[in-house]
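One structure is given below, encoded as structure tokens.
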Amino acid sequence: MTDVLIRGRVLTFVREPEGIDDTRAYRYYEDGAVLVANGKVADVGSYADVARQAGSSVRIADHRPNLVLPGLIDTHLHFPQTQAIASYGAQLLEWLNTYIFVEEQKFKEPQHAALIAGRFMDELLSNGTTTAVAYCSVHPESVDAFFTAAEERNMLMIGGKVMMDRNAPEALRDTPGQGFDETKHLIGKWHGRGRAHYAISPRFAITSTPEQMEMSRALVAEHPDCYVQTHLSENKDEIAFATSLYPEAKDYTDIYARYGLLGRKTLLGHCIHMSDREISVLAETSAVGVFCPTSNLFLGSGLFDRDRFDKLGARHAVATDVGAGTSFSMLETMDEAYKVLHLQGQRLSPFNSFYMMTLGNARALDLEHRIGSLYAGADADIAILDSRAKPAMELRMRVASSLAEELFVLQTMGDDRCVAEVYVAGQPMKQRREGPAKHLAPKNAELA
Ligand code: GUN
Ligand code: FE
């Protein structure tokens with residue numbers, strides 16, 4: 001594959017920042033470059049150093065004055081809810097029954113699933129998101145559509161068929177045996193093929209019988225290298241319903257613990273109304289609580305308590321949760337994350353926000369050796385961000401005097417318009433669809 005030298009203001013994290021002044025948590029090259037070869041990062045550093053190593057024949061993609069970041073990562077969303085964003089008025093259980101369990105029925109139809117899967121991937125890319133963890137519908141066809149669309153774009157994607165055998169319309173229910181067999185078949189077909197990873201996905205305790213939870217336990221035991229995703233403690237009515245269905249469990253978290261579903265590869269959407277005991281169980285099992293701020297505000301679910309997760313030593317990640325989440329943009333998601341934490345007297349520095357969308361989420365997926373930061377050997381998934389993309393941002397940026405301020409403007413005012421380009425395994429994916437790539441110079445003119 002052709003090598004390319006991406007020039008711009010390179011920003012990549014090496015660890016979680018301890019605060020807004022923690023300059024050792026990241027590397028920043030004001031005139032920086034990332035050399036890409038064969039879909040991987042070959043070198044990162046100052047433009048002068050990297051260009052010298054690259055030689056005079058390398059092609060340059062000049063993105064100055066934009067920022068060059070690792071591709072953004074979304075750890076929880078629902079691909080069949082792409083057309084259900086902005087469904088009015090209801091909290092979780094009513095919203096699921098009124099809108100979502102109607103919408104997801106369309107995904108039995110392979111043509112519909114393929115159409116939405118393609119648009120879904122392009123929307124992620126347009127927002128600078130190069131990896132996401134998604135729920136598909138109950139239909140295996142939706143999983144095939146999802147991974148096919150990801151494969152066509154060479155994206156590192158994680159997903160799985162939801163299993164649900166009760167408290168849902170008949171057209172969306174499987175059975176414990178069917179959920180097991182279909183999941184097993186899909187794991188065999190997709191997990192580890194190219195950049196695909198499978199997530200075993202019992203939707204949540206309400207829509208699975210104890211028999212299906214047993215089957216989920218068996219799937220997890222047989223496929224310890226697959227992810228596990230479900231929902232936990234999002235809404236008070238949901239918690240009351242879930243715990244009434246499993247009266248032997250100590251609390252909602254204990255339902256999943258009893259079925260062996262909590263482990264290092266488990267992603268638990270929401271985790272809002274949690275006791276210290278429950279958060280401590282996540283800490284002990286290394287399961288990840290996923291903070292979905294736009295969704296939690298939209299459905300009126302509640303406020304994720306990040307500081308309590310940190311204090312009790314539990315892992316957490318951040319995500320859009322489209323279509324309860326109201327945007328595909330991780331920038332808009334961090335804007336709302338800032339406000340949700342602010343309401344609880346917790347402060348989220350812009351460096352921490354950008355860490356969370358990149359290396360933080362990669363670590364939550366145990367994928368930091370491949371994605372989430374830019375270093376030699378990583379996959380070349382890269383987002384190019386323009387902090388002056390909107391007139392109001394351009395005006396605001398005229399008086400910004402630090403990188404921290406610029407990042408905060410990006411997350412507070414930014415959206416997909418701020419993503420100037422996105423590279424997947426070294427290939428530009430955004431401008432290719434939207435028009436000619438103006439930044440591409442034919443060769444390294446300055447070095448010739
Ligand atoms: N809990 C179970 N299913 C869902 C879903 O699709 N979205 C959200 N936000 N919560 C859920
Ligand atoms: Fe969700």
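Remember, it's 1-based here, ligands and their atoms both numbered in the order they're listed. Starting from 1, each residue takes its place in the sequence as its number.
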Heavy atom of the protein closest to atom 10 (N) of ligand 1 (residue, atom name, distance):
Glu234 OE1, 2.7 Å
Among all protein non-hydrogen atoms, which one is nearest to atom 1 (N) of ligand 1, and what is the separation to 0.1 Å?
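Minimum-distance protein heavy atom for atom 1 (N) of ligand 1 reads His231 CG, 3.4 Å.
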What I want to know is whether Arg203 and ligand 1 share at least one N or O pair that is separated by under 3.5 angstrom.
yes
Counting only nitrogen or oxygen atoms and a 3.5 angstrom limit, does Asp321 reach ligand 1?
yes
Results of ring pair (Phe, Tyr, Trp, His ring centres under 6.0 Å) for Phe354 - residues two or more places apart only
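Per chain and number, Phe354 pairs via ring pair (Phe, Tyr, Trp, His ring centres under 6.0 Å) with no residue.
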Identify every side-chain donor-acceptor pair in residues 67-74 under 3.5 Å, counting partners at least two apart or on other chains, and give the distances.
residue : atom : partner : partner atom : Å
Asp74   : OD1  : His76   : N            : 3.3
Asp74   : OD1  : Thr320  : N            : 3.0
Asp74   : OD2  : Thr320  : OG1          : 2.6

Look at Arg388 together with Asp386 and state whether they make a salt bridge at an N to O cut-off of under 4.0 Å.
no
Which N, O or S atoms belonging to the protein are less than 2.8 Å from the Fe ion (ligand 2)?
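As for protein N, O or S atoms lying under 2.8 Å from the Fe ion (ligand 2), they are His76 NE2, His78 NE2, His231 NE2, Asp321 OD1.
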Stepwise side-chain contact (heavy atoms from CB on, under 4.5 Å) test for Arg195 and Arg370:
CA-CA 11 Å; Arg195 304 184 79 195; Arg370 295 187 57 185; 3.9 Å; yes
If we count only N and O atoms by modelled type, under 3.5 Å, do the side chains of Thr230 and Tyr256 hold a donor and an acceptor together?
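There is such a pair (donor and acceptor under 3.5 Å, judged by atom type) between the side chains of Thr230 and Tyr256.
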Under 3.5 Å, is there a donor on one side chain and an acceptor on the other for Asn235 and Gln91?
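Yes, because at least one side-chain N or O of Asn235 sits under 3.5 Å from a partner of the opposite role on Gln91.
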For Trp95, is the nearest heavy atom under 4.0 Å from an atom of ligand 1?
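A heavy atom of Trp95 does come that close to ligand 1.
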Should the ring pair Phe304 and Phe309 be called parallel, tilted or perpendicular, given that the plane angle runs from 0 to 90° and is split at 30 and 60?
tilted
Check: residues 92-102 side-chain donor-acceptor pairs under 3.5 Å, at least two apart:
residue : atom : partner : partner atom : Å
Asn97   : ND2  : Leu93   : O            : 3.1
Thr98   : OG1  : Glu94   : O            : 2.5
Tyr99   : OH   : Tyr88   : O            : 2.6

